[in-house]
Structure formats: C-alpha cells, structure tokens
Number of protein chains: 2
Amino acid sequence: MAVTLADVAARAGVSAATVSRVLNGNYPVAGSTKTRVLAAVEELEYVVNGPASALAAATSDLVGVLVNDIADPFFGQLAGAVQSQMGPGTPGGGPRMAIVCNTGGSRERELTYLTLLQRQRAAAVILTGGAIEDPEHIEALSARLRRLEAAGTRIVLCGRPPLPDAEAPAITFDNRGGAQRLTEHMLSLGHRAIGYIAGPAARTTTRHRLEGHRAALAAAGLGGGADRLTVHGGAYDRAAGYEGTLALLDREPGLTAVLAANDTVALGACAALRDRGLRIPDDVSVAGFDDLPFAVDTTPALTTVRVPLTDAGAHAGRLALSPDAPAEGVVTYPTTLMPRASTAPPPPEKP
Amino acid sequence: MAVTLADVAARAGVSAATVSRVLNGNYPVAGSTKTRVLAAVEELEYVVNGPASALAAATSDLVGVLVNDIADPFFGQLAGAVQSQMGPGTPGGGPRMAIVCNTGGSRERELTYLTLLQRQRAAAVILTGGAIEDPEHIEALSARLRRLEAAGTRIVLCGRPPLPDAEAPAITFDNRGGAQRLTEHMLSLGHRAIGYIAGPAARTTTRHRLEGHRAALAAAGLGGGADRLTVHGGAYDRAAGYEGTLALLDREPGLTAVLAANDTVALGACAALRDRGLRIPDDVSVAGFDDLPFAVDTTPALTTVRVPLTDAGAHAGRLALSPDAPAEGVVTYPTTLMPRASTAPPPPEKP
DNA sequence: TTCCGAGTAGTAAGCGCTTACTGAATCAGC
DNA sequence: GCTGATTCAGTAAGCGCTTACTACTCGGAA
C-alpha cells in the first residue's frame, strides 16, 4: 500500500540498505548513487516510516514536554520556545517533534504521561513548571524518571529544582531573588501592610517566591506579622487572586499593597480591589510575577518580575537534543524587576 | 536490556501472543491466564514498545495538532481541549498522545509538519486556526492531506472551512455572524466612524470577520467608506492593534470606535488610544473578538465576541479519535456577543 | 462412545527499517 | 604487476510486536 524503502530501492536500482544510508547519511555513499536514490524518493513521494525506523534503530525522534496548563501563556511560551529548537535543521540530527502533555497539575496525570512517553520511547522528556513537594510523589516521579533514563531517554527539568538523586540537568529561575527584590521595591515605596497571595502550597515555585518575600520582610524587621498577610491560592489563576484579595482585605482593611504569585493571579487581585472600590495604585498597589505579555497592557501597567521563559525554554530544548548529555547540573536564569504603574507609594495615613 | 513482551511471556509461562492479546484485549483470554499475565507485567514493570506495536499493527496512537502559535491562549485553549479527549480512558480505545505543532503561521512549516506527522504515521491530524487563502498553498496543503488520508490518517479541521475536494470533517465558528452582531452593537450605540483592524490578509478568519463587519455596515447604509477605515495587521498580535490604531487615528481623527480582529489586537488598540490621550470608552469605544480569559480583566472590561474554543477543541478531539469517520461535513459553532464596559455611546459631537 | 464446535493458547510469518558483516572494485605504493 | 588499504554496495539478521492460522481441550449432542 504505502511506499516503502524497498520500493525506492527498486526504483533506484540499489539495495534497501543503500537507500537507508542515503537517508540517514551516516555512511559513505557515492554521489551518483545518492542522486539516483534521492530522485527515486522524490518521484515516489516516499516518507520514512517513523515507527519502523524507531524500532530498528532503538531511538525515536519524539520529545515529551510536560506542562501544567497549556492554556496558560506561561507554559505556552515555554512550549513554543522548546519547539523552536526542534523541527528540521536543528541540532541533534534530524527533525524532532515535541509532544506537549497537559498534566493540569495533577500528580497522577504527570506519572501517566511519563509512562506514555516511555511507551513511545521518547528521546527526551522535559518537565516544566514548579515541582510538587510531596515526598511520596517525588519518590514515584523519581522512580519513573529513573526508568526512563535507563531506557535511554534524556531528562531535562525546566523551571524546577533538580531531583534528589538524579543527574538530569535542571534550568531554574531565580524566583527567590525576584520575589525578594519585588518586596524590597514595595518596602522602598513605603508600604508596610503588604498582602501576599501565594500559589498552591507544596509547589517549589510557590515556596521559593514566598521565601524571597519573607526574606525581604525579615530584613526590614517586618517578618513578624507576615503569616497573617499571606494567603494560599488553589491554583495560579484569576480566582485565587480575586478571592485571596478579598480575604486579605477582610483580614487587614489597612492593606496598601498586594503581591500576587503571578500575573494571572494579579489580574484577579486587581478585579477584587476594583470591586471593593479601591483604586490602583492610589489606594492599593499591586504586583505580579512572570511578566507575561499582557502585563504591560493592564491598567495601570502591572509591576512584575520578568522571567526569561523563551531563553529557558530554548535552552531546555537544546539540552534535550544534545546527543551527549552535558549534565551541567543546575543553570539558574536571573529574574528582573519590572517596575510599572501599578505600584506607587501608599496613600497618606488617614487621620 | 529493556523488558520485552517475551520476558513477560516467559515470566507468566505463556506465549508472547497471549500477552499481546491480554494487553490489547481484542481476543478471548481465560481469566486466570489474564491475571497471571497482568501480574507479570506489573512485576517486570513492562511498558509496551510503542514503535514496535505501531509497526506491527500499522497504526499509531499519535494525533497531530497544528496551531499557529502555541503561546497564544486562543490556541492554548484549543490544544488543551483537544488533549482533554485523549489520554487514558478516552474514546477510541487506548491512550493517545497529542503532538502540538507550532506552525507560526508559516506555510512552509505547515507543510513540513504534515510530512513529519505522516512520518510518524499519525492516527489523526487536527488543523486549527484560520486557513491561508493562497490557491497555491491550498493546493500543496490538499495534496499533503490527501496523502495522509491515503495512509489512513484522519483529518479534522477546527476553526477553518472545509477544503475544496476533501471530505475531512470541519468545525467552524460563526465568525461572520459574530462580527456582524458586534458591528451592529456599535451602530446601535450610535457610532458611525468605526475603525476596523483586520488580521493578516489571506486568512479565512480575517476575511469572515471582515465580511461580517462590512455586512452590518452595508445594512446600515454605511458601506461606502468602509475601506478607508479598515487596516490589516501583519499578525493577530498586540503590535497590529497598536499600529493599526495609530494609522486609523491619523486617517480619521473623528474616530469613535475601534473594532479589533481579536482580543490581543484590541489590547494593542487600547494602548495606542491611551498613548494618544483618549479615554475608553468615553472618547473611543473598543471591542475585541474571541473572549479570551483576560478580556474580562482589562480596564475597562473588553466588549468582545465569545468563541466556544473549549467545546470546539473537544469536539475536534473526539472526531479525530472516532474510529469510524462520521464525516458529518461542517459543524458551525455559534458565537456570542459579550457587551462589556469598553463600548459605550460615542461622545457628543464637538461643536 | 463418537464427533463437533466452542473456547483458548501456541506457532510463525511478517510489519519496514537499521546495521554489522561480507564482498567487490578501485587505487596508491613499491 | 602485485599487495594492502580504501571506498562503496549488498546480504541478512534482527528490532518487538500483532495476528492469521493451527492445535489442543473439553463439554455436550448424537
């Protein structure tokens, strides 16, 4: 039915092995033969059978990318950057294809996808986004990853810290430092009643950002009441920001600033503040994290911390494809404070 | 090295064929045997070799999804919805995996990815987003799709009209009607000088939305000067909105409304208006299209047209998996006007 | 008791490709 | 002109799985 290697070989008057060698180019073939084979490929519109070659060569050209939420631009950018390194004419030989797997932040699906990728004999797997900090889950995850590595799959972590006993290279963001600088920025503006809406608990990203915030507070001698002004959202979404802000406002009516776990959460915070009749930044300052494209378009423009998603994603993609695992351990990308109009000095004390 | 079917068979004391049958469940196997096999699979941590089974069975469990820009939430939502139909415990037998391919709107990459998917012997391919209306490209695309279909790959179109001579099912959005209703909404508010920032030319989505807009204008007897107040963006992005708005403003200082090709473009339009010192909606009304999640969080909240991305994506996913091609032709999803605060009556005429 | 047809399990022939290994030229060096 | 290296192409043995086809067992109808 479909055109096979043998058909091409017959057409070109050579053996199947020669055609294979021309196509893979890892063995000397005379120029004239090569031309003839290529012509036959063209004429017959031959397309390699991926599964067959994966089986024979025990390698596949599939790379898995695990993301928490593909509809979230944070992961969209990351995935896009990873994919920019694949396709034709990219490092590591032939074209690769990225399989983006949407875990939805579910532990179970994370593991399931890993098995599915092992089943595809993926060449590499890139785990993105903060890791879940449940020892039990980490153990299960490590076990799966160990199996994958044993099967020859390269593992790359992007946006999460390295795993306890694996040597998979990790790319991380300086979330802690970014959060710290952001809080310092708020403090320097004069804010003292700063609410913090953290992401879901038991996530590395959540913890690191919160740690940075706490560190800045502590350095300013304000560490004491921090807990009271911190709430945890159920996800990194708008609802977390909205509800978190309302909760904070109830807890501390004198709130002058809200720091959100990320830009999307900040959007929800802004909505809640507006619904309560508070102006940004006149009454309350708001800041996000990540500097997603829309941050510059909110009103007022959102102060946030830029995370170099594109660079990191591309880097992860390259690491995944590099035939020789450099295993350079952890690379940390810096984060940058982006002060914009949503933060300003707090309003003068009301008499 | 890796555990194979034979290993499992040996462990369970049966033949490889039996193990295969237990795993695929399309042949009677006695309960006790099944239990024994499953236990062996468990103990050996056996994971099927996907490529091998794809080769032998001449089918793969990979589904390709072509998107224009994975970092755009529009496609992110669509891709997420498609994937929600795959994975374990979904229609069409075993777990499938979605390969999301980022074409970046490039014709060449669109074709390349299609070849790459053919190479993987994908079970189905879902093409999302507006199609490019270049006869030459359509021809090339159709040829590739015909080859894919000949190879047994199901084709599903989502968000684009059916192809000339293919019977691939298509899911479309009522872009035309949505745009028409949106323009009618503006007209009913009293706007007459309505600028339109269209998407890139030669895209079906661009054309349909523009047609709807023109139709509403014509029905109101305003069809005449429509061209003068229409600009085309180079992409569906913020820059298109920003630059398009500045161009419109130069062309018609008395502009009272800007309709954008989509929500992201509208964001750019808002930014340009603000930079020119114009208030929304007091001086100029703005509307978008798609109703992406952030539309409700802009200031003021963006009037837009809701497009049921999640439903459509899930539908496309189901169509792609359904073993028997229903080939129900074209299904059109309705779009809904979402009037919000960014549109209001035009300011009173200045004397 | 014989025979037949369910119901199960095994055998073996590929699926289309890669890649050692082998073989046939060609060619430089003496 | 002969030898040994070198270059290029063919042969064939799988890679791990699926699936006709065959073979056996067993209960019940004849």
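Below, each value reflects all heavy atoms present in this structure, side chains not excepted, and no hydrogens, waters or symmetry copies. Within every chain, numbering begins at 1; the chains are lettered A, B, ... in the order of the sequence lines, protein sequences first and strands thereafter.
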Where the side chain of Leu5(A) is concerned, which of dT18(D), dT19(D), dT18(C) is the nearest nucleotide? dT18(C)
Name the atoms and distances for all side-chain donor-acceptor pairs under 3.5 Å in residues 98-108 of chain B, with sequence neighbours left out.
residue	atom	partner	partner atom	Å
Thr103(B)	OG1	Val67(B)	O	3.1
Thr103(B)	OG1	Asn68(B)	OD1	3.4
Thr103(B)	OG1	Gly105(B)	N	3.1
Ser106(B)	OG	Glu108(B)	N	3.3
Ser106(B)	OG	Arg109(B)	N	3.0
Arg107(B)	NH1	Asp134(B)	OD2	2.7

Considering only residues two or more places apart or on different chains, which pairs with a residue in residues 11-20 of chain B satisfy side-chain hydrogen bond (donor to acceptor under 3.5 Å, both in side chains)? Arg11(B)-Glu43(B), Ser15(B)-Thr18(B), Ser20(B)-Asn24(B)
Partners passing side chain to side chain donor-acceptor pair (under 3.5 Å) against Tyr27(A) (at least two apart in sequence or in another chain): none
Please table the atom pairs, donor to acceptor, closer than 3.5 Å between any side-chain atom in residues 28-37 of chain B and protein atoms at least two apart or in another chain.
residue	atom	partner	partner atom	Å
Thr35(B)	OG1	Gly31(B)	O	2.8
Arg36(B)	NH1	Ala12(B)	O	2.6

For Asn26(A) and dC17(C), give me the distance from atom CG to atom C1', rounded to whole Å. 13 Å
Member of Leu62(B), Val125(B), Thr112(B) meeting the side chain to side chain contact (heavy atoms under 4.5 Å, CB included) criterion with Leu117(B): Val125(B)
Sorted by chain and number, sequence neighbours left out, side chain to side chain donor-acceptor pair (under 3.5 Å) with Thr204(A) holds for none
Carboxylate-amine/guanidinium contact Arg203(A) Glu133(A), below 4.0 Å: no
N/O (side chain, Ser20(B)) to phosphate O (OP1/OP2, dC17(D)) under 4.0 Å: no
List in chain and number order the residues that pass side chain to side chain contact (heavy atoms under 4.5 Å, CB included) with Ala316(B), two or more places apart in sequence or in another chain; answer none if no residue qualifies. Ile126(B), Val156(B), Cys158(B), Ile171(B)
Give the table of side-chain donor-acceptor pairs shorter than 3.5 Å for residues 137-145 of chain A, with sequence neighbours excluded, one pair per line with atom names and distance.
residue	atom	partner	partner atom	Å
His137(A)	NE2	Glu110(A)	OE1	2.7
Ser142(A)	OG	Ile138(A)	O	2.8
Arg144(A)	NE	Thr115(A)	OG1	2.7
Arg144(A)	NH2	Thr115(A)	OG1	3.4

Please list, for nucleotides 5-9 of chain D, all pairs of protein and nucleotide N/O atoms separated by less than 3.5 Å.
residue	atom	partner	partner atom	Å
dA9(D)	OP1	Thr33(A)	OG1	2.2
dA9(D)	OP2	Ala30(A)	N	3.0
dA9(D)	N6	Tyr27(A)	OH	2.6

Ordered by number, residues from residues 44-60 of chain B within less than 4.0 Å of DNA chain C (heavy atoms) are Leu55(B), Ala56(B)
Partners of Gln120(B) by side chain to side chain donor-acceptor pair (under 3.5 Å), sequence neighbours excluded? Asp61(A)
Rounded to whole angstrom units, what separation is found between the CG atom of Leu23(A) and the P atom of dT18(C)? 7 Å
Provide, to the nearest angstrom, the distance between the CG atom belonging to Asn24(B) and the P atom belonging to dG16(D). 17 Å
Arg121(A): what forms a side chain to side chain contact (heavy atoms under 4.5 Å, CB included) with it, not counting sequence neighbours? Gln118(A), Val47(B), Asn49(B), Pro51(B)
Between the two ends of the helix from dT1(C)-dA30(D) to dC30(C)-dG1(D), what is the bend in degrees, rounded to 10 degrees, where each end axis spans five pairs? 50°
